[in-house]
Each structure stands twice: as C-alpha cells, then as structure tokens.
Amino acid sequence: QVQLVESGGGLVQSGGSLRLSCAASGRTFSSYRMGWFRQAPGKEREFVATIGWGDSITRYVDSVKGRFTISRDNAKNTVALQMNSLKPEDTAVYYCGAGLVSFLITDPRKYGYWGQGTQVTVSS
C-alpha cells in the first residue's frame, strides 16, 4: 500500500508561483511512477506531469511545459511540482498519484494510488 499526502496549494495571483509537495509513505517499488493530475470544476481529472522513482524520465502536458517542473527526492520520499507563471486556467484541485505504469501513461485511471488533493486557485 502507498499513502500520498499533498500540500502547498493556495490562492495566488496570475503570474505567481506555487510549489506543491507530495509525501509518500508505505512500501514502494522503484518501478512506480509518480504523477501530478488536476481536476477543474466540471472537467475530468487531467494529467499534468510524471516522474519515476527509479528513473529521471519526465513528461508534461503541453499546456504547462516551460512553466511547471516535476521533481523528486527519493531520500525524503517526496515529489514536488513547481508551478511558475500561473494562469487562471491552472485553477484546479491538484492530486498526486502513484502507479506501476510506464512514462507513456497519462490516463489517471491507470494510477492505483491517490492523495486527497490540494486546491490551487489562480486569480486574474
């Protein structure tokens, strides 16, 4: 079992920055991938970024490339999402997920573990 807890969300003005953190506990395999997803009101959960525990392969949705950076600290069992140049359309609940998937997988339904989510609100 893997337990995930997100933190770092909040209210920020357009153009501002936030850093989200996902703390993982329980037993994990090096082959697990960690992902950040978001869900805006009235929309399905959307892939944002992914990184593996055992590799450095990252992938981002096109809309956040150049603005968001996913990173990990294996020693601390944490995964972060640095979000810069935030836009109102980034407003969503952001979720940390974990799964035994390849870096090609962006479907949230393929991830088996989830955190509770953290709200990110970007004002105009």
Side-chain angles (χ1 to χ4, degrees):
Q1 295 292 323
V2 177
Q3 293 79 47
L4 306 172
V5 179
E6 304 97 332
S7 62
L11 175 64
V12 66
Q13 290 183 305
S14 181
S17 298
L18 285 173
R19 185 176 180 86
L20 306 183
S21 181
C22 174
S25 61
R27 298 296 181 90
T28 61
F29 296 104
S30 62
S31 57
Y32 274 30
R33 295 199 67 80
M34 306 299 294
W36 284 100
F37 299 77
R38 64 188 181 186
Q39 188 165 18
K43 299 182 65 178
E44 295 183 345
R45 190 166 297 187
E46 173 194 25
F47 166 81
V48 176
T50 186
I51 191 169
W53 282 116
D55 62 52
S56 296
I57 301 174
T58 60
R59 185 176 180 179
Y60 301 87
V61 66
D62 287 345
S63 61
V64 309
K65 288 181 178 178
R67 299 189 297 121
F68 292 10
T69 302
I70 188 170
S71 62
R72 55 170 167 79
D73 187 334
N74 291 37
K76 297 181 179 180
N77 290 334
T78 58
V79 177
L81 185 69
Q82 178 66 46
M83 305 185 295
N84 299 325
S85 301
L86 283 162
K87 305 174 181 179
E89 49 262 45
D90 294 318
T91 295
V93 177
Y94 282 70
Y95 296 91
C96 177
L100 289 168
V101 297
S102 80
F103 74 94
L104 297 172
I105 301 300
T106 60
D107 187 350
R109 293 171 294 182
K110 302 299 184 181
Y111 281 69
Y113 302 95
W114 296 98
Q116 82 288 350
T118 185
Q119 177 71 48
V120 172
T121 303
V122 185
S123 65
S124 300

Taking it one step at a time, do M83 and V64 satisfy side chain to side chain contact (heavy atoms under 4.5 Å, CB included)? CA-CA 8 Å; M83 305 185 295; V64 309; over 6 Å; no
Please lay out, stage by stage, how E6 and Q116 fare under the test side chain to side chain contact (heavy atoms under 4.5 Å, CB included). CA-CA 7 Å; E6 304 97 332; Q116 82 288 350; 2.9 Å; yes
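With sequence neighbours left out, the side-chain hydrogen bond (donor to acceptor under 3.5 Å, both in side chains) criterion links T58 to no other residue. For Y95, there are no side-chain hydrogen bond (donor to acceptor under 3.5 Å, both in side chains) partners two or more places apart in sequence or in a different chain. Partners of K110 under the side-chain hydrogen bond (donor to acceptor under 3.5 Å, both in side chains) rule, at least two apart in sequence or in another chain, do not exist in this structure.
Between Q3 and V5 the shortest side-chain heavy-atom distance does not fall below 4.5 Å. Residues I105 and Y111 have side chains in contact (heavy-atom distance under 4.5 Å, counting atoms from C-beta outward). Using a 4.5 Å heavy-atom threshold, the side chains of T50 and V101 count as separate.
Once rounded to the nearest 0.5 Å, the distance linking CD of Q1 with OG of S25 reads 10.5 Å. Once rounded to the nearest 0.5 Å, the distance linking OG1 of T78 with CG of L20 reads 12.5 Å. In this structure, the separation between CG on L100 and OG on S31 is 5.0 Å, given to the nearest 0.5 Å. The line from OG1 of T118 to CG of L18 is 8.5 Å long, rounded to the nearest 0.5 Å. Between the CD1 atom of I51 and the CD1 atom of I57 there is a distance of 10.0 Å, given to the nearest 0.5 Å.
Screening residues 49-60 for salt bridge (charged side-chain N to carboxylate O under 4.0 Å, His left out) gives R33-D55 as the qualifying pairs, with residues at least two apart or on separate chains. Among residue pairs with one or both ends in residues 7-19, those qualifying as side-chain hydrogen bond (donor to acceptor under 3.5 Å, both in side chains) are S17-N84, R19-Q82; sequence neighbours excluded.
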Under 3.5 Å donor-acceptor pairs involving side-chain atoms of residues 35-44, not counting sequence neighbours:
{"unit_1": "R38", "atom_1": "NE", "unit_2": "E46", "atom_2": "OE1", "d": "3.0"}
{"unit_1": "R38", "atom_1": "NH1", "unit_2": "D90", "atom_2": "OD1", "d": "2.9"}
{"unit_1": "R38", "atom_1": "NH1", "unit_2": "Y94", "atom_2": "OH", "d": "2.9"}
{"unit_1": "R38", "atom_1": "NH2", "unit_2": "S63", "atom_2": "OG", "d": "3.4"}
{"unit_1": "Q39", "atom_1": "NE2", "unit_2": "K43", "atom_2": "O", "d": "3.2"}

